[in-house]
Amino acid sequence: MRFTTRPTLEGTFGMVSSTHWIASQSAQRMLELGGNAFDAAAAGGFVLHVVEPHLNGPGGDLPAIVSVAGYPAPRVLCGQGPAPAGATPEAFAAMGLDHVPGSGPLAAAVPGAVDAWLLLLRDHGSLPLATVLEPAIGYARAGHPLLPRVAATIELVRDLFEDHWTTSADLWLRNGTAPRAGELFTNPRYAAVLERLVEAATAAGADVGAQAQAARDEWRTGFVAETVDAFRSSEWRHSGGQTLPGQLSGADLAAYTATWEAPAVLDWHGVQIAKTGLWGQGPALLQVLAMLDVLGGDSLDPDSVDGIHAIAESWKLAMADREAWFGDRSPLAVEDLLAPDYVSERAGLVGDRADAGVRPGSPGGREPRLAEHVRRLLAGRSTGRSADVTTGEPTVQRDGTTQGDTCHIDVVDRWGNMISATPSGGWLQSSPTIPDLGFCLGSRSQMFWLDEGLPASLAPGARPRTTLTPTLVMRDGQPVLACGSPGGDQQDQWQSLFLLRHLVGGLTLQEAIDAPMFHTTSFPGSFHPREMEPGVLVVEDRVAPDALDTLRARGHRVELSGPWSLGRMCAVTRDPATGILAAGANPRGMQGYAVGR
């Protein structure tokens, strides 16, 4: 048995794994009260808005994949909000912008997370909304010990808040001072928002579904929508330095609803792996796993040199396809990208040496097209973009510290319900705080291109091509594994290593999570300023030095990261034959925890 930082938990009652111990325990409380996995996940999700505000918020987004006991076919819960009605390339051009800023109100898509959590509860919840929201309300009103990374993030953007985003300063800088790590931090305004949702729910009667729907109505068309609408005309500094109003209106919230959708599915090694559609990056994971099967041998072993090389090169090809073909308006179906002939053609491009280019394919003979920004990157020309402290998504650093970037929660209960959810967006540094709500809008619209005619081009009502990518695994028609990881563009790369180690290599959940991680950054990033690092392979320095030397000799630009710095995997499992449940959680960053019994 390999060394692990903690045990793989096992039991029969219920398991939760999330990126914050308070969220995990709050979710477990719902199971102890007789609730199901969906009550638990929602409770944990609302707590994550409170305790990881630098990584997600009520103004953000949420994709999840769900399997319901008795009706186990996986379904995608899409809480990825679209572009507002006023968000057009022409509108941005009129403001003198050639891209969507990386931060500020203009970068906002319609908030989708809260509506999605409430839709989940409407359709599959079993507890009153007051019970599900009790932990989040409690931690927002009475306080929670502030994470060191939250305190550091607030300090990082202190000048911006004081000089430009004064409503954020009012919330996050108490008496002009950034809070200290471990300090009890409260957000009474957001607590009041949740309490008003509970009031609307309670007034709807005892039926759980009716309660959740009433809260959705209050969020989408009531006081929240009214407050967002009133905030729209205010002008704020954006990431490029421009001071401009936002576009998101109350009508945009009213017009939006989270949706249930069919997943993209790959049959692989006796299981079926379910991901989101092409509006997310999930199908890239399916492409990579299919390519690795074609390559065979040590390509399926992420602990071998040949495996590291093959996995990294496969990811470069899949991410090149992401640039050309992924988006809410893709002309392709996922099946086009997973067609055996196309997968074999792409796998055939994996050579003995590392490639530093961006090589999208031509599924069905279609000619790929890349955004002008990407063409400039590949030509070595200036893109005219620069980052500041608010732009993009806070990411895992290579010096060994883990800042985090998104959240994740997985839950399985004793009845066989299972969910994998990846909430994100609306982090405290993405946009100025809406003072009467206690949270800010997200910045997911930065993932749109303003070029016309691309799958990920900006258009009113289109969903940004998100990086958020939960995973659900089925066997013989039953859910057996839910997993996911924060990490922006790297989320699926780290998940691929975990799946290979657990499903093919036979490692336990915790062994697969703890094993050394790596990823490539040799493709255009999704977050402003949307850069790339040709040929770069980032590796935890626990990988053997002779393996790293061999990878360098094969053309990889190896950059070492700290020994415990890459990936923030969460995972839960269920064995349908025995009913035994298991869970594991990432030790990196000293924050994620699994609980259960």
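Being a predicted model, the structure only gives us computed values, none of them experimental.
Across all non-hydrogen atoms, the minimal contact from Leu377 to Arg530 is CD1-O, 3.3 Å. Taking all atoms of both residues into account, the shortest heavy-atom contact from Thr469 to Gly282 is OG1-CA, 3.3 Å. Nearest heavy atoms, Ser103 versus Ser239: OG-CB, 3.4 Å. Nearest heavy-atom pair, Ser299 versus Leu292, reported as atom, atom and distance to 0.1 Å: O-CD2, 3.6 Å.
At a cut-off of 3.5 Å, with distance as the only test, a side-chain donor of Gln446 or Ser443 sits close to an acceptor on the other residue.
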In a table with atom names and distances, give each donor-acceptor pair under 3.5 Å that connects a side chain of residues 348-356 to protein atoms at least two apart or in another chain.
residue, atom, partner, partner atom, Å
Arg353, NH1, Ala553, O, 2.8
Asp355, OD2, Gly357, N, 2.8
Asp355, OD2, Arg359, NE, 3.4

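Taking the ring centre of Tyr593 as origin, the terminal cationic atom of Arg6 falls inside the region bounded by 6.0 Å and 45° from the ring axis. At least one test fails for Arg329 against the ring of Trp279: distance under 6.0 Å to the centre or angle within 45° of the axis.
With sequence neighbours excluded, no residue forms a salt bridge (charged side-chain N to carboxylate O under 4.0 Å, His left out) with Asp267. Considering only residues two or more places apart in sequence or on other chains, His20 meets the ring pair (Phe, Tyr, Trp, His ring centres under 6.0 Å) condition with none of them. Evaluation of the salt bridge (charged side-chain N to carboxylate O under 4.0 Å, His left out) rule for Arg463 yields Glu261, Asp328 as partners, not counting sequence neighbours. Take His309 and apply the ring pair (Phe, Tyr, Trp, His ring centres under 6.0 Å) test, not counting sequence neighbours, and it matches His556. Applying the salt bridge (charged side-chain N to carboxylate O under 4.0 Å, His left out) test to Glu540 and every residue at least two apart in sequence or in another chain returns Arg542, Arg588.
Two rings, from Trp494 and His519, have their centers less than 6.0 Å apart.
Between Arg322 and Asp492 there is no salt bridge, since no side-chain N of the basic residue sits under 4.0 Å from a carboxylate O of the acidic one. Under 4.0 Å is where a charged nitrogen must lie from a carboxylate oxygen, and between Asp303 and Arg501 at least one such pair does. Using a cutoff of 4.0 Å between basic side-chain nitrogens and carboxylate oxygens, Arg465 and Glu323 are scored as salt-bridged. Here Arg381 pairs with Glu372 in a salt bridge; the nearest charged N to carboxylate O distance falls below 4.0 Å.
Ring geometry, Phe3 versus Trp564: the interplanar angle exceeds 60°, so the pair is classed perpendicular (tilted spans 30 to 60°).
When atom types are taken as modelled, the side chain of His408 and the backbone of Pro423 share no donor-acceptor pair closer than 3.5 angstrom.
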Let's go through Thr4 and Gln510 carefully: what are the C-alpha distance in whole Å and the side-chain angles of both, what is the deciding distance for side-chain hydrogen bond (donor to acceptor under 3.5 Å, both in side chains) to 0.1 Å, and is it a yes or a no?
CA-CA 6 Å; Thr4 60; Gln510 200 61 48; over 6 Å; no

